[in-house]
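As structure tokens, the structure follows; a few thoughts come after it.
Heavy-atom basis, side chains included; hydrogens, waters and symmetry copies ignored.
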Amino acid sequence: MKRSLLYLINLILLSSCGISNKNSSNTIYISFYPIYDFTKKIVGDKINVENLTPYGVEPHDYEPTTLDVRNMYDSKGIFINGLGLENYYESLPKEIKNKTYVVTDNIEIMKINNVIDPHVWLSIPNAIKEMENILDEVIKLDADNKDFYTSNFNNYKNNFLNLYNDYSNKLKDVKNKSIVVSHAAFGYLCKDYGLEQIYVDGLTPNKEPNAKDIERIIKTIKEYKISTIFYEELVSPEISKKIANETGAKIEVLNPLEGLSKEESKNNDYLSIMKKNYDKILEACNDTL
């Protein structure tokens with residue numbers, strides 16, 4: 001409650017100062033990269049799309065600035081993942097919540113240790129459902145361009161399905177069906193392909209695992225002869241390195257697409273990064289210690 005009041009006070013102050021993004025009225029603000037990419041693919045140049053989470057920042061860690069809040073207040077709409085990913089959402093003013101749309105509606109969720117896993121976008125079938133949800137909402141915001149948005153969606157849906165089907169064939173006969181990850185972000189992806197996610201720690205990427213957790217992972221890697229330990233770019237690799245030293249496994253990066261660097265965003269999109277992830281998983285699952 002205190003935080004919401006603070007936001008409202010800041011909005012009033014900004015209104016009196018005239019500080020805002022001039023294009024906010026035709027802008028959809030997005031909570032983090034995958035939803036930004038999906039929305040941009042659908043709307044093209046018809047609506048401005050802005051990603052709220054800065055380059056190289058986890059969406060779990062992002063907090064809106066006063067200007068962000070003002071721009072959201074003036075915007076066409078706000079799209080978020082929901083499922084607990086955006087920690088700041090409950091503190092936003094009612095006026096912003098009223099124009100906020102959760103793109104994961106009607107998607108079957110998974111839980112890890114009774115905690116909802118928000119990483120639904122790492123499943124391509126789920127990503128397509130998110131795009132369908134985005135399409136529906138965009139058409140409500142701008143019905144005049146319905147055919148344009150629907151055509152874009154259909155084109156990209158086919159690209160998503162082609163990638164998904166390609167790796168469904170490649171991953172069905174791999175030697176090892178288990179992957180080891182530092183952060184339990186890849187459960188939806190693994191479910192798509194009949195793989196098992198063995199995680200060093202749960203859904204909190206920066207939490208330090210205890211000695212018992214590390215011992216369990218080392219034992220599992222040796223038992224199943226797992227060749228690779230995956231960690232994320234925005235998370236320290238030190239624990240993964242320690243386990244690798246104990247087991248002889250190598251370490252490699254998997255990208256959960258939560259917080260891309262500026263350089264990555266110039267040369268990649270959701271599909272290209274997912275293909276890189278699949279290639280690394282495919283290699284790891286066809287290799288053994």
Side-chain angles (χ1 to χ4, degrees), residues 30-42 58-60 79-86 101-137 153-172 174 176-199 202-203 205 230-233 252-260 268-285:
I30 312 295
S31 65
F32 78 127
Y33 179 76
I35 303 174
Y36 168 83
D37 186 64
F38 302 159
T39 307
K40 192 70 178 169
K41 281 176 164 56
I42 290 169
E58 291 251 4
H60 313 277
F79 292 173
I80 68 171
N81 185 81
L83 307 179
L85 185 75
E86 295 89 356
Y101 180 68
V102 179
V103 306
T104 54
D105 280 353
N106 303 316
I107 289 177
E108 183 178 352
I109 62 167
M110 298 172 63
K111 290 186 177 181
I112 295 176
N113 297 327
N114 293 319
V115 177
I116 291 174
D117 182 355
H119 303 87
V120 295
W121 64 89
L122 290 169
S123 156
I124 285 184
N126 283 344
I128 292 171
K129 289 178 184 177
E130 289 182 83
M131 289 179 69
E132 289 173 344
N133 290 338
I134 290 167
L135 174 65
D136 289 344
E137 189 63 17
F153 165 77
N154 288 329
N155 288 336
Y156 282 108
K157 178 182 178 180
N158 288 334
N159 292 341
F160 279 48
L161 285 173
N162 288 340
L163 182 64
Y164 176 72
N165 291 332
D166 184 23
Y167 282 87
S168 290
N169 290 327
K170 290 178 178 177
L171 286 164
K172 68 181 179 181
V174 292
N176 197 326
K177 293 284 187 177
S178 299
I179 65 169
V180 173
V181 294
S182 61
H183 169 210
F186 299 91
Y188 294 97
L189 183 156
C190 287
K191 185 179 178 182
D192 285 344
Y193 300 104
L195 304 176
E196 179 189 8
Q197 170 185 239
I198 300 169
Y199 50 88
L203 290 168
F230 292 108
Y231 72 97
E232 298 170 23
E233 288 180 331
E252 185 58 85
V253 174
L254 274 188
N255 193 332
L257 290 113
E258 293 181 356
L260 270 61
N268 292 284
D269 66 355
Y270 173 88
L271 286 173
S272 67
I273 293 173
M274 285 298 290
K275 184 180 185 306
K276 291 175 185 177
N277 283 338
Y278 285 152
D279 284 339
K280 291 175 182 179
I281 291 171
L282 182 63
E283 182 180 354
C285 288

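The minimum heavy-atom distance between Tyr188 and Glu108, with the atom names listed, is CE2-O, 3.7 Å. Between Pro118 and Gly82, the shortest heavy-atom distance links the atoms CB-O, 4.3 Å.
Side-chain contact between Lys191 and Met110 is present, with heavy atoms from C-beta onward closer than 4.5 Å. Between Leu189 and Met274 there is a side-chain heavy-atom pair separated by less than 4.5 Å. Val102 places a side-chain heavy atom less than 4.5 Å from the side chain of Asp105. With a 4.5 Å cut-off on side-chain heavy atoms, Val181 and Ile198 do not count as touching. Looking at heavy atoms from C-beta onward, Ile124 lies in side-chain contact with Tyr270 at the 4.5 angstrom threshold. A 4.5 Å side-chain heavy-atom check between Tyr101 and Ile80 finds every atom pair outside the cut-off. Proximity of Leu85 to Phe32: side-chain heavy atoms (C-beta onward) are separated by under 4.5 Å at one or more points. In this structure the side chain of Lys276 never reaches within 4.5 angstrom of the side chain of Asn255, judged on heavy atoms.
Distance CZ/Phe230 to CG/Asn277: 8.5 Å, rounded to 0.5 Å. Taking CG of Leu254 as the start and CG of Leu122 as the end, the distance is 9.0 Å to the nearest 0.5 Å. A distance of 8.0 Å separates CG in Asn154 from CG in Leu135, rounded to the nearest 0.5 Å. Distance CD1/Ile128 to CG/Asn158: 9.0 Å, rounded to 0.5 Å. Note that CG of Leu171 and OH of Tyr278 are 8.0 Å apart. Values are rounded to the nearest 0.5 Å. Atom CD in Glu132 sits 9.0 Å away from atom CD1 in Ile107 (nearest 0.5 Å).
Judged purely by atom type and a 3.5 angstrom limit, Asp37 has no side-chain atom pairing as donor or acceptor with the backbone of Tyr33. Side chain of Asn133 to backbone of Val103: a donor-acceptor contact under 3.5 angstrom is found. Counting only distance, with no hydrogens or angles, the side chain of Gln197 and the backbone of Phe186 share a donor-acceptor pair below 3.5 Å.
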Practice item. Begin from the C-alpha positions of Lys275 and Leu163 and carry the test side chain to side chain contact (heavy atoms under 4.5 Å, CB included) through to its verdict. Key: CA-CA 7 Å; Lys275 184 180 185 306; Leu163 182 64; 4.1 Å; yes

Exercise for review: For the pair Ile35 and Thr39, evaluate side chain to side chain contact (heavy atoms under 4.5 Å, CB included) and give the outcome as yes or no after the intermediate values.
Suggested key: CA-CA 6 Å; Ile35 303 174; Thr39 307; 3.9 Å; yes

**Study point:** Residues Asn81, Glu86; criterion side chain to side chain contact (heavy atoms under 4.5 Å, CB included); working and verdict
**Key:** CA-CA 7 Å; Asn81 185 81; Glu86 295 89 356; 3.3 Å; yes

Review point. Passes side chain to side chain contact (heavy atoms under 4.5 Å, CB included), Ser178 versus Leu195? Steps please.
Key: CA-CA 6 Å; Ser178 299; Leu195 304 176; over 6 Å; no

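Judged by a 6.0 Å distance limit and a 45° cone about the ring axis, Lys170 is positioned over the six-membered ring of Tyr167.
Sorted by first and then second residue, the pairs that involve residues 117-126 and meet side chain to side chain donor-acceptor pair (under 3.5 Å), not counting sequence neighbours, are Asp117-His119, His119-Glu258, Ser123-Asp192.
Residues passing the side-chain hydrogen bond (donor to acceptor under 3.5 Å, both in side chains) test with Asn165: none are found, sequence neighbours excluded. By the ring pair (Phe, Tyr, Trp, His ring centres under 6.0 Å) test, Tyr164 is found to be paired with Tyr193, residues two or more places apart in sequence or in another chain being considered.
Under the 4.0 Å criterion applied to side-chain N and carboxylate O atoms, Lys280 and Glu252 are assigned as salt-bridge partners.
A donor-acceptor pair shorter than 3.5 Å cannot be found between the side chains of Lys41 and Asn155.
Within 6.0 Å of CZ in Phe160 there are more than 12 heavy atoms belonging to other residues, nucleotides or ligands.
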